[in-house]
Amino acid sequence: MQIELTGLNDQGRLSALFGSNDENLKYIEKVYNVKITGGNGILEITGQDEKTEKTVSDIILDIANSIKRGYRVNKKTIRYLIEYTREFGFKESEQLFSSFIRVGPQRGFIQPKTFGQQEYLSAIKTGDLTICIGPAGTGKTYLAVARAVEALLENEVSRVIVTRPAVEAGEKLGFLPGDLAAKIDPYLRPVFDALYEHLNFNKAADLMDKGIIEVAPLAFMRGRTLNDAFVILDEGQNTTKEQIKMFLTRIGFNSKVIVTGDVTQIDLENKKMSGLVYISRILAGIDGIKIVNLSKSDVVRHPLVQKIIDAFEKHEKE
C-alpha cells in the first residue's frame, strides 16, 4: 500500500514523524511486522495482509495530519498511539490533540498525552464539577493546576484555590519540626511544584502573596463561599464523607471545581469511609458533574510506573 505525505516537506516535520534515524518508522515496522520504504513524501507499506497495511497507513497519516496542524509529536506520543491502537483499535489522534492548555509566561501550551487525559480536559471544559480518579502518574494534579492557571491568565476567574487534606500517613503531624505552616507544607509541596512549573517562581510567589492563588489545607475551607474561582481538591481519596460534603457545599457562582484522587492509595484508618469513593457513587449522572476514570494506560511517568501498578494490582487480586 502506498501513501503520500502531503504538506510535510519541511525537514523538521518529517523528522518529527520519522524520528531520529527513522526510529519511529522502525518501531512501527517491528510492532506490525511490515516493511516501510520510500522517499520524496511517498511511503510504501508492505505487510502480511491488506488489513495490517491499512492500519499502519491510518496511523502514519493520522500522525502526519496532527503534525501539519502544528501539534508537537514525539516518540512517546507515537508509541502511545500505536499501543492504544493495538489494544483498543484505531482511534483518530485528532481527538487526542483537539484539546490543549495555554500556560506560562511565554504562553506555551500543554497537550494531553493519552485519550484518557483528553477526556479529562474535555470534562473540565464542559462540567462545573469534575471528579477525576486514577493511579499515580496519570497527570490528575498536573493538568488540573495547568487548567486553573490558564483560566486565571485568561480572566475566566479571579482566583485559584488548591487544597489538600492533611492526613497523617504513617507520621504524626505534631512530631514534625517547625510551626503549623512548616508542618503542613510537605502535604502541599506537590501542588507548589505544579504551580512553579506552569508559572515562573517569582510570578507564582507574587500571586500567592496577593491571595490570587491560594494553597491551603482542606480544613481552611470551612465556612467559606468560593465565588469566581477555580478550585481544586487534590488527594480527595483521603477525605471523609463529612469533609467532602463540607468542601463541595463551598461552591459559589462562576466557579469550577475539580476533585482528584487515587482510590488505591487511601491513608484513612477506615478506607470504606473515603469521601472520594462515596461521591463517585452518589453524584454519577447528575447534570453538570463529570466523572473521569483514568487507568494505568494513562500513566505518563517512567515506564516502570505502569509495571509497578500492574504488580500491585496482581498481588491485591491474589
query: Hey, does the side chain of Gln243 reach the backbone of Thr240 with a donor-acceptor pair shorter than 3.5 angstrom?
result: yes
message: Measuring only between side-chain heavy atoms, which start at C-beta, is Asp228 closer than 4.5 Å to Arg159?
response: no
message: For the CG atom of Leu294 and the OG1 atom of Thr260, what is their distance to the nearest 0.5 Å?
response: 10.0 Å
- request: List the steps, then state whether side chain to side chain contact (heavy atoms under 4.5 Å, CB included) holds for Leu276 with Ile133.
  value: CA-CA 8 Å; Leu276 179 62; Ile133 299 172; 4.1 Å; yes
field: Point-to-point distance, once rounded to the nearest 0.5 Å, from CD1 of Ile124 to CD of Glu150
entry: 10.0 Å
message: What I'd like to find out is whether the side chain of Val162 reaches to under 4.5 Å of the side chain of Val160, using heavy atoms alone.
response: yes
field: Contact check, side chains of Tyr120 and Leu143, non-hydrogen atoms, under 4.5 Å
entry: yes
- prompt: If two hydrophobic side chains count as joined below 4.5 Å and joins carry through other members, does Met1 share a cluster with Val56?
  reply: no
- prompt: Between Gln2 and Glu4, does any side-chain donor sit less than 3.5 Å from a side-chain acceptor?
  reply: no
- prompt: What closest approach, in Å, do Val299 and Pro135 show between heavy atoms, and which atom pair accounts for it?
  reply: CG2-CG, 4.5 Å
- line: Asp234 meets the salt bridge (charged side-chain N to carboxylate O under 4.0 Å, His left out) criterion, sequence neighbours left out, with Arg164
- prompt: Hey, which of Val257, Thr239, Ile279 is the one that makes side chain to side chain contact (heavy atoms under 4.5 Å, CB included) with Phe247?
  reply: Val257
message: side chain to side chain contact (heavy atoms under 4.5 Å, CB included), that's the test. Do Thr130 and Ile291 meet it? Break it down for me.
response: CA-CA 6 Å; Thr130 301; Ile291 300 177; over 6 Å; no
task: Just jot down the salt bridge (charged side-chain N to carboxylate O under 4.0 Å, His left out) partners of Lys290, sequence neighbours excluded, or say none.
output: none
message: Any non-hydrogen side-chain atom of Ile251 less than 4.5 Å from a side-chain atom of Thr225?
response: no
statement: Heavy atoms of Ile3 and Ser57 approach each other most closely as CG2-OG, 3.0 Å
query: Checking salt bridge (charged side-chain N to carboxylate O under 4.0 Å, His left out) for the pair Glu156/Arg147: CA distance, chi angles, key distance, verdict?
result: CA-CA 11 Å; Glu156 297 174 25; Arg147 177 64 188 105; 2.8 Å; yes
task: Take Lys256 and Val231, measure what side chain to side chain contact (heavy atoms under 4.5 Å, CB included) needs, and give me the verdict at the end.
output: CA-CA 6 Å; Lys256 284 261 190 182; Val231 190; over 6 Å; no
query: Can you hop from Met273 to Leu248 via hydrophobic side chains spaced under 4.5 Å?
result: no
task: Verify whether one side chain among Asp58 and Thr55 offers a donor that lies under 3.5 Å from an acceptor in the other.
output: no
message: Hydrophobic clusters here meaning ILVMFWY residues chained together by side-chain heavy-atom distances under 4.5 Å, can you tell me if Ile282 and Val259 are in one?
response: yes
task: Looking only at non-hydrogen atoms, find the nearest pair between Gly134 and Lys140 and report the distance.
output: O-NZ, 3.0 Å
query: Is a side-chain N or O of Asp22 found less than 3.5 angstrom from the main chain of Leu25, in a donor-acceptor match?
result: no
field: Ionic contact status for Lys30 with Glu23, cut-off 4.0 Å
entry: no
message: Quick check for you: to the nearest 0.5 Å, what is the distance between Arg250 atom CZ and Ile161 atom CD1?
response: 12.0 Å
field: 4.5 Å side-chain heavy-atom contact, Leu17 and Ile63
entry: yes
query: Sequence neighbours excluded, which residues qualify as salt bridge (charged side-chain N to carboxylate O under 4.0 Å, His left out) partners of Glu44?
result: none
Determine all donor-acceptor pairs shorter than 3.5 Å in which one atom belongs to a side chain in residues 207-219; sequence neighbours excluded.
residue	atom	partner	partner atom	Å
Lys210	NZ	Asp206	OD2	3.3
Glu214	OE1	Arg224	NH1	3.4
Glu214	OE1	Arg224	NH2	3.0
Glu214	OE2	Arg224	NH1	2.8

field: Backbone N/O of Ser122 and side chain of Thr126: donor-acceptor pair under 3.5 Å
entry: yes
message: Quick check: do Thr163 and Ile232 have side-chain heavy atoms less than 4.5 Å from each other?
response: no
Flag, side chain of Glu29 to backbone of Ile36, donor-acceptor distance under 3.5 Å: yes
Value rounded to 0.5 Å, distance of CE in Met221 from OG1 in Thr249: 12.5 Å
query: Between Asp298 and Phe115, is any pair of side-chain heavy atoms under 4.5 Å apart?
result: no
- prompt: Can you list the residues that meet the salt bridge (charged side-chain N to carboxylate O under 4.0 Å, His left out) rule with Lys241, with sequence neighbours excluded?
  reply: none
- request: Compare every heavy atom of Gln237 with every heavy atom of Leu268, then report the nearest pair and how far apart it is.
  value: CD1-O, 3.8 Å
- prompt: Restricting to pairs with a member in residues 276-288, which pass side-chain hydrogen bond (donor to acceptor under 3.5 Å, both in side chains), not counting sequence neighbours?
  reply: none
statement: Distance col, row Leu199:CG vs Leu195:CG, nearest 0.5 angstrom, shows 6.5 Å
field: Chi angles and distances behind the side chain to side chain contact (heavy atoms under 4.5 Å, CB included) call for Leu153, Val149
entry: CA-CA 6 Å; Leu153 296 176; Val149 168; 3.8 Å; yes
message: If you define the side chain from C-beta out and look only at heavy atoms, does anything of Thr264 sit under 4.5 Å from Phe312?
response: no
message: Looking at every heavy atom in both Ile266 and Ser274, which two are closest together, and how far apart are they?
response: CD1-CB, 3.8 Å
Separation of Tyr32 OH from Ile45 CD1 (nearest 0.5 Å): 11.0 Å
task: Check the hydrophobic clustering (I, L, V, M, F, W, Y; side-chain heavy atoms under 4.5 Å; chains of links allowed) and say if Ile42 and Ile60 are grouped together.
output: no
statement: What one should report as the nearest heavy-atom pair of Phe230 and Ala144 is CE2-O, 4.0 Å
- prompt: Between Tyr142 and Glu197, does any side-chain donor sit less than 3.5 Å from a side-chain acceptor?
  reply: yes
